[in-house]
Amino acid sequence: MGWFGETMDSVKSIQIRQALSQALTLGLIVTSALIIWKGLICMTGSESPVVVVLSESMEPGFARGDILFLHMNEDPIRAGEIVVFNVDGRDIPIVHRVIKVHEQKDTGEVYVLTKGDNNDKDDRALYARGQHWLQRRHIMGRAVGFLPYVGWVTIIMTERPIIKYILIGALGLLVITSKD
């Protein structure tokens, strides 16, 4: 085989090691991101500690594309707080302000009514059919902070999937062709 054969075997060995190294690095990045996300869930008590405002219903307080940071604890929910909630039968969480809190005396169960700051009417039309109040189980968290406009990246990639695929392809190409 000689010198040329040994050189080719050496190059193949380096390429295999480089590919394995890149795959391991990618795996570590994904694992680290998941660990950070799970850590945030534990620290904030919210099933989704970060959400993007998807509509103009909370303007002028929060604009479409703002990122909200959520926290959930056992403190009672109060009128005036901004909460993120899920409605039965809908996949996308909603960011709105609590306008009324009702506590049922005999059971102690707390019910809340919400409304977007930029909406004319309360959210009863958004709730599940026959539902007039939200229960605590519907609420994912309270807004405790925000980053303006940073969520537009998510909105653009959701509304125009081709951009997401181009970005993923470009990043994959970058990983494959990188020398380190």
Side-chain angles (χ1 to χ4, degrees), residues 25-159 161 164 167-168 171:
T25 300
L26 180 63
L28 288 172
I29 290 169
V30 170
T31 303
S32 297
L34 289 173
I35 289 171
I36 290 169
W37 184 255
K38 289 295 185 181
L40 283 172
I41 289 172
C42 291
M43 287 177 11
T44 64
S46 175
E47 64 189 74
S48 181
V50 179
V51 295
V52 176
V53 178
L54 298 175
S55 73
E56 296 87 10
S57 67
M58 284 303 292
E59 288 183 352
F62 297 117
R64 185 169 194 242
D66 289 353
I67 289 185
L68 298 182
F69 300 101
L70 306 182
H71 187 266
M72 192 64 180
N73 55 27
E74 295 301 318
D75 293 344
I77 297 167
R78 295 183 178 90
E81 288 185 311
I82 296 170
V83 296
V84 176
F85 60 91
N86 277 324
V87 175
D88 297 332
R90 291 185 181 224
D91 294 334
I92 298 174
I94 300 169
V95 179
H96 282 174
R97 188 178 304 276
V98 174
I99 58 171
K100 288 184 184 175
V101 178
H102 172 72
E103 183 175 347
Q104 197 163 346
K105 298 292 182 196
D106 54 343
T107 63
E109 185 75 30
V110 175
Y111 299 93
V112 299
L113 180 63
T114 57
K115 176 184 171 296
D117 291 352
N118 200 23
N119 294 348
D120 294 330
K121 297 181 180 180
D122 63 40
D123 289 343
R124 287 186 174 142
L126 296 175
Y127 300 163
R129 188 175 182 90
Q131 181 180 2
H132 300 290
W133 298 85
L134 293 174
Q135 297 172 324
R136 189 172 187 91
R137 68 181 173 86
H138 295 109
I139 297 174
M140 296 171 57
R142 299 173 170 97
V144 294
F146 78 104
L147 279 174
Y149 307 114
V150 178
W152 269 105
V153 174
T154 302
I155 291 172
I156 290 169
M157 286 195 297
T158 302
E159 290 180 353
K164 177 173 35 179
L167 183 62
I168 290 171
L171 289 174

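None of the values given here were measured: they were computed from a predicted structure. One-based numbering along the sequence shown.
Atom CD of Glu159 is separated from atom CG of Leu54 by 8.5 Å, given to the nearest 0.5 angstrom. Rounding to the nearest 0.5 Å places NZ of Lys164 at 10.0 Å from OG1 of Thr154. Of the inter-residue distances, the one linking Asn119 atom CG with Glu59 atom CD reads 10.5 Å to the nearest 0.5 angstrom. Here OG1 of Thr114 is found 11.5 Å from CD1 of Ile82. Values are rounded to the nearest 0.5 Å. One distance of note links NZ of Lys105 with CD of Glu103; it measures 6.0 Å at 0.5 Å rounding. Note that CD1 of Ile94 is 8.5 Å distant from OH of Tyr127, once rounded to the nearest 0.5 Å.
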Side-chain donor-acceptor pairs of residues 33-40 under 3.5 Å, sequence neighbours excluded:
none

Would you list the atom pairs, donor with acceptor, under 3.5 Å between side chains in residues 25-32 and any protein atom, with sequence neighbours excluded?
from	atom 1	to	atom 2	distance (Å)
Thr25	OG1	Ser21	O	2.9
Thr31	OG1	Gly27	O	2.7
Ser32	OG	Leu28	O	2.8

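Tyr111 places none of its side-chain heavy atoms less than 4.5 Å from the side chain of Val101. Residues Asp75 and Arg142 meet the side-chain proximity criterion, which asks for heavy atoms closer than 4.5 Å. For the pair Arg124 and Leu113, the minimum side-chain heavy-atom distance is below 4.5 Å. Within the 4.5 Å cutoff, no side-chain heavy atoms of Arg136 are placed close to those of Val110.
Heavy atoms only, all atoms of each residue included: Val112 and Ile77 are closest at CG1-CG2, 3.9 Å. Counting all heavy atoms, side chain and backbone alike, Arg64 lies closest to Tyr149 at O-CD2, 4.3 Å. Scanning all heavy atoms of the two residues, the minimum distance from Asp88 to Gln131 falls at OD2-OE1, 4.5 Å. Closest approach of Pro49 to Thr44, counting heavy atoms only: CB-OG1, 3.5 Å. In plain terms, the two heavy atoms of Thr158 and Pro161 that are nearest each other are O-CD, 4.0 Å. Closest heavy-atom contact between Ser55 and Ser57: OG-OG, 3.1 Å.
For His102, the ring-ring contact (aromatic ring centres under 6.0 Å, His included) partners at least two apart in sequence or on another chain are Trp133. Partners of Arg129 according to the side chain to side chain contact (heavy atoms under 4.5 Å, CB included) rule, which considers only residues two or more places apart in sequence or in another chain, do not exist here. Checked against ring-ring contact (aromatic ring centres under 6.0 Å, His included), Phe62 has the following partners two or more places apart in sequence or in another chain: Phe146.
Under a cut-off of 6.0 angstrom, the local environment of CG in Asp106 is crowded, with over 12 non-hydrogen atoms contributed by other residues, nucleotides or ligands.
In this structure, Asp66 contributes its side chain and Val53 its backbone to no donor-acceptor pair below 3.5 Å.
Counting only residues at least two apart or on different chains, no ring pair (Phe, Tyr, Trp, His ring centres under 6.0 Å) pair has a member in residues 73-100.
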key: From CA spacing to verdict: side-chain contact (heavy atoms from CB on, under 4.5 Å), Glu47, Asn86   = CA-CA 11 Å; Glu47 64 189 74; Asn86 277 324; 3.7 Å; yes
